[in-house]
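These notes are about the structure you will find just below.
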Number of protein chains: 4
Amino acid sequence: MDTSTPASGHSEPPARRRTGGRSARVRAQVLDAVGVLLVEGGYDALTVDAVAERAGVHRTTVYRRWRDVGGLLADVLDAAAADDTWSPPDTGSLEGDLTALNQEVYDALAAGPSVSTALIAASFRSPEAAGALARFWADRYERCAAVVSRAVARGDLGAATDAHALLVTATAPLYHVLLLLRDEPDPGLPRRAATAAAAAARAGAFAARDTAPGGAGP
Amino acid sequence: MDTSTPASGHSEPPARRRTGGRSARVRAQVLDAVGVLLVEGGYDALTVDAVAERAGVHRTTVYRRWRDVGGLLADVLDAAAADDTWSPPDTGSLEGDLTALNQEVYDALAAGPSVSTALIAASFRSPEAAGALARFWADRYERCAAVVSRAVARGDLGAATDAHALLVTATAPLYHVLLLLRDEPDPGLPRRAATAAAAAARAGAFAARDTAPGGAGP
Amino acid sequence: MDTSTPASGHSEPPARRRTGGRSARVRAQVLDAVGVLLVEGGYDALTVDAVAERAGVHRTTVYRRWRDVGGLLADVLDAAAADDTWSPPDTGSLEGDLTALNQEVYDALAAGPSVSTALIAASFRSPEAAGALARFWADRYERCAAVVSRAVARGDLGAATDAHALLVTATAPLYHVLLLLRDEPDPGLPRRAATAAAAAARAGAFAARDTAPGGAGP
Amino acid sequence: MDTSTPASGHSEPPARRRTGGRSARVRAQVLDAVGVLLVEGGYDALTVDAVAERAGVHRTTVYRRWRDVGGLLADVLDAAAADDTWSPPDTGSLEGDLTALNQEVYDALAAGPSVSTALIAASFRSPEAAGALARFWADRYERCAAVVSRAVARGDLGAATDAHALLVTATAPLYHVLLLLRDEPDPGLPRRAATAAAAAARAGAFAARDTAPGGAGP
DNA sequence: AGGTAACCGAGACGGTACGTCACGTCTTCAC
DNA sequence: GTGAAGACGTGACGTACCGTCTCGGTTACCT
């Protein structure tokens with residue numbers, strides 16, 4: 001569940017949509033500039049003026065196509081979500097998969113003023129950005145459902161396990177501790193949160209609503 | 001673990017501290033104005049100008065004493081944390097306590113643009129606000145340790161259970177789902193998250209590091 | 001040597017330069033407002049805010065184009081210096097010319113809080129204004145050299161007379177008495193100062209350095 | 001006619017008038033601070049706050065006793081005018097005396113941002129300062145009348161010569177050139193202006209009004 | 001190939017908020 | 001009870017971005 005990848009994965013092969021046209025080139029320059037500025041100074045550094053200057057493009061152009069900072073962020077996020085081939089780790093065990101996932105999140109969030117942090121901060125002030133971020137995460141959680149399916153297939157979890165709830169329980173503590181509580185980074189956290197979620201899952205805590213909890217499938 | 005109470009817990013007893021002093025009166029007016037504006041328009045509505053006007057006080061006075069919006073929020077939070085008598089619920093069971101706690105959080109976060117949301121948004125842009133929020137939460141989690149102690153006393157949990165980890169696991173999904181993922185509010189969420197955390201705790205997932213979980217030791 | 005004309009010489013023909021462009025219109029409005037405010041309240045009344053309001057223009061626009069009050073004054077002066085057709089009086093005699101010149105200065109300075117006074121006051125606090133004022137005066141003294149040339153042509157003065165020195169001697173007492181000493185206005189002053197300067201000139205006091213005064217040299 | 005002495009002649013031996021009382025000490029500290037600040041940053045640096053801090057006195061005290069910056073300057077000037085023993089030079093000739101006088105003025109004005117310049121600048125914005133400066137100069141011109149008397153006694157000038165007019169003619173060009181026109185400092189200026197004034201005087205240009213010009217007295 | 005419509009560059013403007021400085025008044029608290 | 005210390009109201013400063021507008025000049029694409 002890496003939130004830092006969206007901005008990257010996009011600056012290298014700008015092939016698609018840049019059909020030689022100036023418009024496509026401008027878009028690429030602007031989106032790149034957004035990423036750079038986010039890394040450098042967080043959301044507060046992400047002014048339309050700065051983006052335009054960084055992208056070597058005129059302010060007016062940015063306003064014309066993206067309307068405001070929220071639109072910029074949404075475009076960046078959606079662009080990243082579009083052409084990314086991320087898939088959840090497959091370590092052979094539920095704990096292993098969850099821990100690996102958490103480690104990605106941890107790395108993205110613990111690294112000082114990361115793009116992830118900036119995007120999340122932005123989402124509190126821009127509906128567009130919030131929407132795009134929600135879509136991004138929804139996509140990621142969807143893909144991660146594979147982790148749960150595999151555990152079910154292994155007989156490790158009951159068939160009715162609510163994948164989304166399990167994944168949220170596993171990852172939420174990382175966001176909470178690192179972003180909100182702002183505790184000191186604790187390298188053991190990813191594993192412990194993964195373990196706790198796995199334990200709860202085995203105890204049947206995420207049995208789907210229409211299934212009796214505790215009565216974990218065959 | 002209610003993050004919305006801080007601002008409110010202060011407007012009711014406006015008597016104290018206003019012992020005739022103009023300064024104290026000004027402070028109270030300003031802090032009240034902050035609360036009102038946060039509720040009305042969220043963090044983005046919290047400009048120094050607006051606060052000053054609302055408080056019937058001059059702009060420069062606000063700058064003199066609080067320096068910026070972050071300082072205002074920090075003062076509000078600290079003031080709230082100072083004179084508040086909040087204590088965790090005591091329902092007689094671990095699940096019950098955690099669910100009640102979660103319900104408070106849920107109510108605070110699900111209510112549209114709440115003060116809590118605004119404060120959290122602010123914490124991403126103001127170190128002072130972030131610090132005050134961290135202090136506030138630290139205090140709350142500390143008090144909530146009682147919930148775990150009681151469970152231990154009841155023989156419900158192992159003596160070495162890491163209260164903070166347990167509480168974070170219980171509450172984090174709420175913040176994650178409501179603030180970050182921005183899912184539709186789900187009234188069952190508080191209870192489910194509480195249940196999952198309790199299940200993990202009983203499975204020994206929060207055994208303190210130096211102690212064997214569940215006495216599984218050597 | 002009238003220092004008050006610059007601002008005025010510009011409000012009458014408001015047609016030119018306002019060729020439909022908004023920028024030109026704004027400039028004209030602002031420069032007019034400067035003149036009006038200077039007359040009404042002197043230099044201290046010349047705040048950027050007041051100018052902007054008077055001109056029906058936004059504060060930031062003034063800052064953008066003129067930076068500060070000094071820039072405004074410099075522009076006003078330069079604009080006045082640009083399109084003005086002033087030329088020194090020609091009365092047929094040196095004393096007559098100098099007296100007429102002095103009378104212009106006297107009228108400009110004796111009239112209460114004149115624009116001239118305000119400009120001079122401003123020049124003590126704004127390098128730009130000081131520069132513009134210096135340029136303005138240099139231009140005027142240059143044109144006035146004609147007065148001396150004519151006297152030379154009439155055989156009234158030696159060919160090597162230093163025009164600038166003579167003119168300064170003639171006009172300086174007016175500025176000194178009216179602006180610095182702040183004596184009561186004395187209507188005879190222009191003539192007396194002119195007479196004294198002419199007398200000194202005839203006595204050879206302004207013979208250029210390399211030439212003997214009065215042609216006494218070999 | 002040195003305008004820079006007022007502030008200076010007062011910082012070294014602060015003995016007189018400071019008869020031990022706290023009030024007197026405070027006054028001395030404040031007036032000293034005014035002088036220092038004027039030298040350091042000109043009139044714009046002369047804020048009540050800065051004076052108070054420099055003098056080690058509370059703002060309120062300054063407001064109580066001097067009301068504003070104008071009052072401060074007036075007090076400084078009057079204090080300087082009170083205890084100063086300045087007398088005009090006596091070189092044995094009119095030109096010599098006038099040149100020496102002019103040299104004093106020149107030195108005071110040519111030295112970059114001098115106190116003199118600051119005081120004159122201040123006089124444009126503070127009626128009190130303007131009044132005090134006028135009184136100061138009136139006193140100096142009065143004393144300088146001795147220069148003219150001596151010339152008359154020597155038979156160098158007519159008895160009816162208007163001393164004030166002569167002195168103004170001699171000194172005015174310095175102020176005009178150095179303060180208003182802001183020309184490059186020209187070391188020959190003091191002597192030339194003195195010579196021109198003396199020449200005009202000998203030509204009878206400053207014969208008192210009630211006497212026929214040219215018919216210089218017996 | 002050429003014309004047209006979309007797009008971009010350029011720059012000014014009105015506007016909101018910022019954070020600062022100095023002024024001059026007024027209030028409070030300690031002596 | 002008074003006067004120094006300090007807070008406040010007030011007005012101006014100069015700045016940063018915002019979002020809008022109007023030009024004029026390219027550029028891409030489509031007959």
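So you know, we letter chains A, B, ... as the sequences are listed, proteins then strands, and number each from 1. These figures come from a predicted structure and were not determined experimentally.
- Here the two rings, on F124(C) and Y43(D), have centers that are 6.0 Å apart or farther.
- Smallest separation of non-hydrogen atoms from A74(A) and A132(A): CA-CB, 3.6 Å.
- At least one side-chain heavy atom of E128(C) sits under 4.5 Å from a side-chain heavy atom of D68(C).
- Nearest-nucleotide positions on DNA chain F for S23(B) and D68(C) put S23(B) closer to the 5' end.
- In this structure, of dA12(E), dG19(F), dC8(E), it is dA12(E) that holds the atom nearest to the side chain of R22(C).
- A search for side chain to side chain contact (heavy atoms under 4.5 Å, CB included) contacts involving E53(A) returns nothing, not counting sequence neighbours.
- Because its NZ or CZ atom is not both nearer than 6.0 Å to the ring centre of F136(D) and within 45° of the ring axis, R182(C) does not count as a cation-pi partner of that residue.
- If you check residues 43-51 of chain D against DNA chain E, the residues with a heavy atom closer than 4.0 Å are T47(D), V48(D), D49(D), listed by number.
- Across the protein-nucleic acid pair, L72(A) atom CG and dG19(F) atom P stand 10 Å apart, rounded to whole Å.
- Annotation: side chain of W66(C) is in contact with side chain of L31(C) (closest heavy-atom distance under 4.5 Å).
- Contact check on R65(D) versus D75(D) returns no salt bridge, with no Lys/Arg side-chain nitrogen under 4.0 Å from an Asp/Glu carboxylate oxygen.
- In this structure, the side chain to side chain contact (heavy atoms under 4.5 Å, CB included) partners of T60(C), at least two apart in sequence or on a different chain, are H58(C), R64(C).
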Hey, mind stepping through L73(C) and L77(C) against side chain to side chain contact (heavy atoms under 4.5 Å, CB included) and telling me if it holds? CA-CA 6 Å; L73(C) 285 167; L77(C) 262 172; 5.7 Å; no
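- At a non-hydrogen distance threshold of 4.0 Å, R59(B), T60(B), Y63(B), R67(B) from residues 53-67 of chain B come into contact with DNA chain E.
- Over its length, the helix from dA1(E)-dT31(F) to dC31(E)-dG1(F) turns its helix axis by 30°, as judged from the five terminal pairs at each end, rounded to 10°.
- Looking at residues two or more places apart in sequence or on another chain, you find a side chain to side chain contact (heavy atoms under 4.5 Å, CB included) between V48(C) and V62(C), Y63(C), V69(C).
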